[in-house]
Protein chains: 2
Amino acid sequence: MRSDVKPDRRSRDNARVTITDLSQALSLTKGTVSRALNGYPDISETTRIRVIRAAQAMGYRPMSQAQAIKTGRSCSLGLVIELSEHDAHAPFLAEFLAGLTQAASAEGWTLTIATSESEGDTLRIMRDLILHRKADGFILPRVLWDDPRIAFLDRENAPYICYGRSKNHADTSYFDALSEKSMAEAVTWLAQLGHERIAYIGSASHYAYSHLRRDGYRAGLIQEGLDFDPALMIEEVLDPEEAAKATRQLLAMEQPPTAILCATDTLARGVYDVAHALDLKIGSDLSIIGYDGSPEAQAMWPRLATFAVDNRKAGAALGAMLMARVRDLNAPLQQDLIAAEFRPGGSTGRPDKTSEELAHHVIRLSADTIRND
Amino acid sequence: MRSDVKPDRRSRDNARVTITDLSQALSLTKGTVSRALNGYPDISETTRIRVIRAAQAMGYRPMSQAQAIKTGRSCSLGLVIELSEHDAHAPFLAEFLAGLTQAASAEGWTLTIATSESEGDTLRIMRDLILHRKADGFILPRVLWDDPRIAFLDRENAPYICYGRSKNHADTSYFDALSEKSMAEAVTWLAQLGHERIAYIGSASHYAYSHLRRDGYRAGLIQEGLDFDPALMIEEVLDPEEAAKATRQLLAMEQPPTAILCATDTLARGVYDVAHALDLKIGSDLSIIGYDGSPEAQAMWPRLATFAVDNRKAGAALGAMLMARVRDLNAPLQQDLIAAEFRPGGSTGRPDKTSEELAHHVIRLSADTIRND
DNA sequence: CGCATTGCCGAAACCGGTTTCGGGGTTTCT
DNA sequence: AGAAACCCCGAAACCGGTTTCGGCAATGCG
């Protein structure tokens with residue numbers, strides 16, 4: 001009773017209106033209609049508006065597939081997600097996709113997404129998508145400091161927009177959050193609460209953002225007149241487990257930090273784990289700030305102070321930029337930045353203990369640490 | 001030096017191999033090659049394998065766009081994500097997409113995704129995608145108990161597969177996790193730890209899964225010989241805030257539950273919040289179990305015990321099912337179920353306090369509760 | 001007033017495929 | 001041996017668009 005009704009009527013009766021329908025209604029040829037709609041100069045203004053009017057009235061919208069075989073443009077944005085990454089795209093993805101598809105569908109475009117297992121895989125897939133006209137260009141999420149995708153797409157002469165600033169970002173079109181500014185803000189926030197020893201746990205340096213955030217941290221220290229202690233900065237930290245290890249290392253110092261700034265919320269999870277294990281009260285014994293505004297931050301207790309990036313807006317901006325670039329690859333580069341919004345949480349507060357008191361506390365509980373390690 | 005090299009060579013020199021190339025190489029006509037590849041019966045077996053061999057050797061793969069305009073099939077799976085939902089798709093999305101695109105690209109298909117702001121919007125978008133051949137069929141995520149998309153697609157005679165079991169799931173093709181079994185397991189787990197009063201916080205009943213999970217909870221109680229107390233079951237809980245309210249209500253009972261089972265991890269967040277506010281020790285004063293295996297569960301402390309669904313596998317299965325269905329809409333329905341894997345965490349344990357002791361504890365701290373409400 | 005432009009549109013080829021139609025060559029049957 | 005039935009494949013139309021080419025009419029210019 002369900003799917004076996006009308007077994008052969010694959011072509012729906014409420015069919016799409018084609019360019020032929022439109023041309024017949026107007027008593028023009030397909031070619032003329034096509035040129036009118038595509039802004040060719042050899043069509044009089046009067047017939048042009050007549051065609052456009054009729055097109056709107058009849059609800060005509062060209063079938064992009066048919067266009068693609070002749071023009072080579074399929075009106076679709078490509079997004080290849082690499083799955084092998086340590087920190088999953090999970091949290092930011094949904095909002096990001098929302099922005100992208102919103103921008104795309106506003107102009108009748110679609111989003112083609114694919115996943116890959118490795119870097120080489122990504123390049124192969126992108127070539128394939130371009131070759132088969134499944135994507136006219138690409139959004140590059142999670143740009144690396146030295147990103148092979150950029151070199152590849154330059155070589156292939158394919159349009160793309162970066163989400164993030166790579167090493168050579170001056171030569172690329174990009175959209176990014178000013179995470180370096182956020183990191184400096186975080187330092188200021190902590191310094192104003194009275195923290196003097198503020199540590200930084202950074203992520204893998206092949207990510208473009210890690211350079212920026214690290215620099216932002218250091219800029220913040222300078223701005224607040226705090227000394228930079230290299231021992232307080234641990235980088236190349238990939239996941240919560242490694243962040244936990246880094247945290248233990250920091251807290252084992254003679255003068256441990258009273259606040260820890262993390263490049264991502266995910267890393268902050270590791271800091272939380274250690275704080276819980278050492279029975280440190282987060283927000284007083286130890287202050288923590290993350291970055292990303294991810295759902296994880298909402299799930300932590302106390303709430304992780306973090307910087308929320310509007311990923312939907314980012315997606316929309318990137319989509320619009322890419323469409324413009326596809327339309328004209330020789331247009332000037334587009335570069336845009338937004339500021340992330342600080343979202344306070346219970347994870348920061350005035351330091352309850354001095355650095356020395358904290359050290360004593362940790363030593364007292366070191367037995368637990370050994371057990372956990 | 002970057003994008004302005006080779007300004008006009010839009011058609012790459014490493015061009016795609018078309019069916020014409022192939023037919024010329026074989027000294028056959030396009031038509032014959034096409035029929036050979038598409039399994040027409042009027043092609044001799046010898047030439048068929050000759051064509052197929054050559055196609056592989058030359059790396060020919062038909063351009064799906066060109067096929068689409070004649071056949072009406074674009075070889076792409078449609079996925080429309082509704083954004084207005086209370087509980088975002090965020091956590092499960094990335095893995096789910098991975099599975100989908102993996103299944104799709106294995107057969108040269110792609111995934112077209114779109115987002116919508118409302119239910120009506122979703123239907124419009126789906127019709128549009130079908131009409132413009134941007135999707136041959138749809139994966140329906142987060143199926144509702146009485147889902148308008150199902151009725152709509154039936155009416156449109158378009159292929160689809162449900163992720164979840166709706167009211168009439170017997171009549172649909174679906175893939176789903178056996179969440180009712182998981183809920184029963186959860187009850188058993190808690191009962192074996194010594195819990196006798198186990199509450200359930202369920203989500204909005206328009207979701208298909210809430211019926212199943214609720215029934216699973218009750219089945220678990222029966223199986224363990226525990227009484228069902230209607231006061232211990234609160235449904236239609238939409239978000240963590242409402243879950244927090246429900247938790248306070250449960251704990252304010254004369255005989256409060258010593259364990260709370262939540263239909264989703266997100267709801268468990270609200271339970272955690274209240275537990276923290278009331279200074280209840282999670283995993284001893286109060287045991288909590290969620291469902292979904294989301295990253296949030298990893299971010300909570302102690303780790304939320306939950307049931308992890310392999311969303312990648314689900315995506316792959318759904319993709320394969322949909323492709324089969326697009327190829328033959330009259331094929332028999334496909335229905336498949338997997339079990340979620342229990343992932344223990346520190347959030348469960350033997351009840352440290354009896355229900356009565358818990359009640360006293362809560363009363364003592366009720367002042368805080370009032371302040372928070 | 002005549003000729004060269006220009007503006008505007010129809011006709012037709014084209015893109016990369018699919019599908020229908022028809023016909024030539026074998027085989028089978030009587 | 002001749003007719004009927006198959007088995008294959010080429011030829012050509014088609015899908016829904018785009019783009020080139022050429023020609024007709026109206027204009028510009030001397």
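Proteins come first, then strands; the chains are lettered A, B, ... in the order of their sequence lines, and each starts at number 1.
Note: CG (A:Leu37) to P (D:dG16) measures 16 Å, nearest angstrom. Rounded to whole angstrom, the span from the NZ atom of B:Lys134 across to the P atom of D:dG17 amounts to 12 Å. Atoms NZ (B:Lys30) and P (C:dT18) sit 10 Å apart, rounded to a whole Å. As a whole-Å value, the separation of B:Arg133 CZ from C:dG17 P is 18 Å. What separates CD of A:Gln67 from P of C:dC14 is a distance of 21 Å, to the nearest Å. Taking atom CD1 on A:Ile69 and atom P on C:dG17, their separation rounds to 9 Å, with Å as the unit. If you take CE of A:Met63 and C1' of D:dT18, they are 14 Å apart, rounded to a whole angstrom. One interatomic measurement links the two molecules: CG of B:Asn38 to P of C:dG16, which rounds to 17 Å at whole-angstrom precision.
Within a heavy-atom distance below 4.0 Å of DNA chain D, the residues of residues 17-25 of chain A found are A:Thr18, A:Ile19.
One finds a salt bridge joining B:Glu107 and B:Arg327 here, because a Lys/Arg side-chain nitrogen approaches an Asp/Glu carboxylate oxygen to under 4.0 Å. Taking the charged nitrogens against the carboxylate oxygens, B:Arg165 and B:Asp176 do have a contact shorter than 4.0 Å, which makes a salt bridge. Comment: B:Arg312 engages A:Glu117 in a salt bridge, judged by a side-chain N to carboxylate O separation of less than 4.0 angstrom. Note on A:Asp21 versus A:Arg16: no salt bridge recorded, every NZ/NE/NH1/NH2 to OD/OE distance being 4.0 Å or above.
The shortest distance between the side-chain N/O atoms of A:Thr29 and the OP1/OP2 oxygens of C:dG10 is below 4.0 Å. The side chain of A:Arg16 contributes an N or O atom lying less than 4.0 Å from OP1 or OP2 of D:dG17. For B:Arg73 and C:dG17, the shortest distance from a side-chain N or O to OP1 or OP2 is not below 4.0 Å. Close to C:dC9, at under 4.0 Å from its OP1 or OP2, lies no side-chain N or O of A:Tyr40.
The nucleotide whose nearest atom lies closest to any side-chain atom of B:Ser44 is, among D:dC9, D:dT19, C:dT18, D:dC9. Counting only heavy atoms from C-beta on, A:Lys70 has its side chain closest to C:dC14 among C:dC14, C:dT19, C:dG17. Nearest nucleotide to the side chain of A:Ala66, out of D:dC9, D:dG17, C:dT18: D:dG17.
With 3.5 Å as the limit, one finds no donor-acceptor pair spanning the side chains of A:Ser76 and B:Lys134. A donor atom on one side chain and an acceptor atom on the other are found under 3.5 Å apart for A:Arg35 and A:Thr32.
When every heavy atom of A:Leu329 is checked against every heavy atom of A:Pro159, the shortest pair comes out as CD1-CG, 3.7 Å. Taking all atoms of both residues into account, the shortest heavy-atom contact from B:Ala135 to B:Leu77 is CB-C, 4.4 Å. Listed here is the closest heavy atom pair of A:Ile125 and A:Ala114: CG2-CB, 3.9 Å.
The residue among A:Gly31 and B:Thr47 whose nearest nucleotide of DNA chain D lies closer to the 5′ end is B:Thr47. Of the two residues near DNA chain C, B:Arg61 and A:Asp42, the one whose nearest nucleotide lies more 5' is A:Asp42.
Between the axis at the start and the axis at the end of the helix from C:dC1-D:dG30 to C:dT30-D:dA1 there is an angle of 40°, using five pairs per end and rounding to 10 degrees.
Classified by interplanar angle (parallel below 30°, tilted 30° to 60°, perpendicular above 60°), the ring pair B:Phe175/B:Tyr163 is tilted.
Within 4.0 Å (heavy atoms only), B:Ser27 reaches sugar-phosphate atoms of the nucleic acid but no base atom. Looking at heavy-atom distances under 4.0 Å, B:Thr71 makes contact with sugar-phosphate atoms alone, never a base.
No hydrogens or angles were tested; on distance alone, a donor-acceptor pair under 3.5 Å links the side chain of B:Arg35 to the base of D:dG10.
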